[in-house]
Amino acid sequence: MAEGPRTKRKREEAEAAAAAAKPCDGAAAAAAFPLAELSVRRVLRESARDKAVFLHGQVTGPSGEGTDAVVILEKTPFQEERISDLLQKHTRLELQMSNDIYSTYHLYPPLELSEIKTTVVYPATEKHLQKYLRQEVHLIRETWEDYKNITLPFIQSQSFSIQWVYNILEKKAEADRIIHENPDPCNGFVLVPDFKWNQNQLDDLYLIALVHRREIKSLRDLTAEHLPLLKNILEEGKGAIAKRFDVAGSQLRIYLHYQPSYYHLHVHFTALGYDAPGSSVERAHLLADVIDNLALDSKYYQKRALTFALRADELLFKKFQEAGRV
């Protein structure tokens, strides 16, 4: 999905406007993370396919006590308009292998094209470390009875912090990043870029719709009552993305996760050609299908079994084990 001149101009104008915008009253610029002071404790996981590595590190404070951090390093996608610069301005080209018409090289790009996206979770808890640690994965087939007796009590017993979601909805954070908002408290939502997308290219486009209603935790809570909300997200979300990024609705994958990574209803919008994390069949439920299912049966997601994957170290997996469901 190449970025055309018109889309590029729109993006550059939007970025310039965002850069010129003043922060909200009382907002303070976040201090830069002291990356150079990070002591790497272990590699939690690495992905050759995604060109990413997940690190457990510690930052030592003035008292000498270390504070845990998770640092994710990812190679950024290529930008079509910078390819010529990459080829013409490289600092070094080293031959690695040559055989007939085939050869491989190590190309060292100029500094301005050597960007590595760096995501930081700091301070990080043990839950964060476990989240990114490579683990065995198991498929769970959750019936409605399983949900009521195992999953729901587990959710209610945990203190999952989603204050960052409320900060966005209340314009206390990321207000300048909002792409679209329907302010209706019942059937409205906010559309923002996902933190995994740097907005520099459309190939890995990724946005999230966060609903204003706070009592809807996941797919399991949805009934026909929520159809106006879901239809608003589908149609307005596609329209906003087409207007801002010049990407047609037919080029989007629009879906919900089950299990979700946090229990506040949200919908994912990703480029159809992008193999986004969590877009596999055991987790992603297309929003259009969810709408159709609820139109057929208001209690559809309170009746059917749902399949999802859990890591072996997750507490919910242990609850299913204890109940003899694994």
Side-chain angles (χ1 to χ4, degrees), residues 18-19 23-48 50-76 111 114-137 154-177 192-200 206 208 210 214 217 257 259-264 266 276-278 309-319:
C24 298
D25 292 342
F33 177 74
L35 189 64
E37 301 173 19
L38 184 77
S39 173
V40 177
R41 302 298 301 273
R42 56 177 168 160
V43 174
L44 297 170
R45 175 161 52 95
E46 59 181 319
S47 171
D50 298 327
K51 305 296 187 296
V53 63
F54 302 76
L55 306 175
H56 169 203
Q58 283 191 337
V59 175
T60 302
S63 65
E65 183 176 348
T67 302
D68 287 323
V70 172
V71 176
I72 306 169
L73 303 176
E74 303 173 73
K75 295 291 184 64
T76 54
L111 183 62
S114 303
E115 176 187 354
I116 294 179
K117 180 184 175 185
T118 305
T119 304
V120 176
V121 182
Y122 177 78
T125 66
E126 185 62 30
K127 286 184 178 179
H128 293 121
L129 298 176
Q130 291 298 320
K131 174 182 178 179
Y132 294 107
L133 186 65
R134 181 181 296 279
Q135 295 283 342
E136 289 184 351
V137 181
F154 166 77
I155 295 171
Q156 294 171 336
S157 70
Q158 300 298 300
S159 55
F160 299 108
S161 175
I162 53 173
Q163 184 58 48
W164 66 273
V165 174
Y166 301 153
N167 288 343
I168 294 174
L169 295 175
E170 296 169 6
K171 312 294 195 313
K172 293 179 180 178
E174 303 187 45
D176 59 330
R177 300 179 73 243
V192 294
D194 187 272
F195 77 93
K196 289 184 282 294
W197 182 38
N198 62 16
Q199 300 184 67
N200 289 333
Y206 201 144
I208 297 288
L210 301 165
R214 301 191 179 190
K217 296 182 291 297
H257 279 155
Q259 290 279 328
S261 54
Y262 51 95
Y263 292 96
H264 178 100
H266 56 284
L310 288 176
R311 297 190 310 275
D313 68 312
E314 291 188 78
L315 184 55
L316 182 56
F317 177 74
K318 299 182 189 304
K319 296 294 184 183

Strictly below 4.0 Å, N to O, side chains only: are Arg214 and Glu170 in salt-bridge contact?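 Judged by the 4.0 Å cut-off on N to carboxylate O distance, Arg214 and Glu170 do form a salt bridge.
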Show me the donor-acceptor pairs, under 3.5 Å and distance only, between side chains in residues 117-128 and residues at least two apart or in other chains.
from, atom 1, to, atom 2, distance (Å)
Lys117, NZ, Phe195, O, 2.7
Lys117, NZ, Lys196, O, 2.7
Thr118, OG1, Ile116, O, 3.2
Thr125, OG1, Lys127, N, 3.3
Thr125, OG1, His128, N, 3.4
Thr125, OG1, His128, ND1, 3.1
Glu126, OE2, Gln130, NE2, 3.0
His128, ND1, Thr125, N, 2.9

Restricting to side chain to side chain donor-acceptor pair (under 3.5 Å), what partner residues turn up for [X], sequence neighbours left out?
X: Glu37; answer: none
X: Thr60; answer: none
X: Arg45; answer: none

Less than 4.5 Å apart, any side-chain heavy atom of [X] and any of [Y]?
X: Gln199; Y: Arg177; result: yes
X: Thr76; Y: Asn200; result: no
X: Leu129; Y: Arg42; result: yes
X: Leu315; Y: Phe154; result: yes
X: Leu55; Y: Leu44; result: no

With sequence neighbours excluded, tell me which residues meet ring pair (Phe, Tyr, Trp, His ring centres under 6.0 Å) with His257. Tyr255, His268
Checking His266 side chain against His264 main chain: does a donor-acceptor pair fall under 3.5 Å?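 The answer is yes, because a donor-acceptor pair under 3.5 Å joins these two groups.
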With sequence neighbours left out, the residues meeting salt bridge (charged side-chain N to carboxylate O under 4.0 Å, His left out) with Lys217 are Asp221
With sequence neighbours left out, write down each residue that passes salt bridge (charged side-chain N to carboxylate O under 4.0 Å, His left out) with Arg41, or none if nothing qualifies. none
What closest approach, in Å, do Phe33 and Val59 show between heavy atoms, and which atom pair accounts for it?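 It is CZ-CG2, 3.8 Å.
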Heavy-atom pair of closest approach, residues Trp197 and Tyr206: CE3-O, 3.4 Å
Rounded to the nearest 0.5 Å, how far does OH of Tyr166 lie from NZ of Lys172? 12.0 Å
Return the OH to CD1 distance between Tyr262 and Ile162, rounded to the nearest 0.5 Å. 9.0 Å
Around atom CD of Gln158, are there more than 12 heavy atoms of other residues, nucleotides or ligands at under 6.0 Å? yes
In terms of heavy-atom contacts, does CD of Gln163 have more than 12 from other residues, nucleotides or ligands at under 6.0 Å? yes
Extract all donor-acceptor atom pairs below 3.5 Å that involve side chains of residues 66-74 and protein atoms in other chains or at least two apart in sequence.
from, atom 1, to, atom 2, distance (Å)
Asp68, OD1, His56, NE2, 2.9
Asp68, OD1, Gln58, NE2, 3.0

For Arg311, all residues meeting side-chain contact (heavy atoms from CB on, under 4.5 Å), sequence neighbours excluded: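 Arg311 satisfies side-chain contact (heavy atoms from CB on, under 4.5 Å) with Lys131, Gln135, Val137, Asp313, Glu314 once adjacent residues are dropped.
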Test of understanding: with side-chain contact (heavy atoms from CB on, under 4.5 Å), list the residues that count as partners of Ala173, not counting sequence neighbours.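 By the side-chain contact (heavy atoms from CB on, under 4.5 Å) rule, Ala173 matches Asn167.
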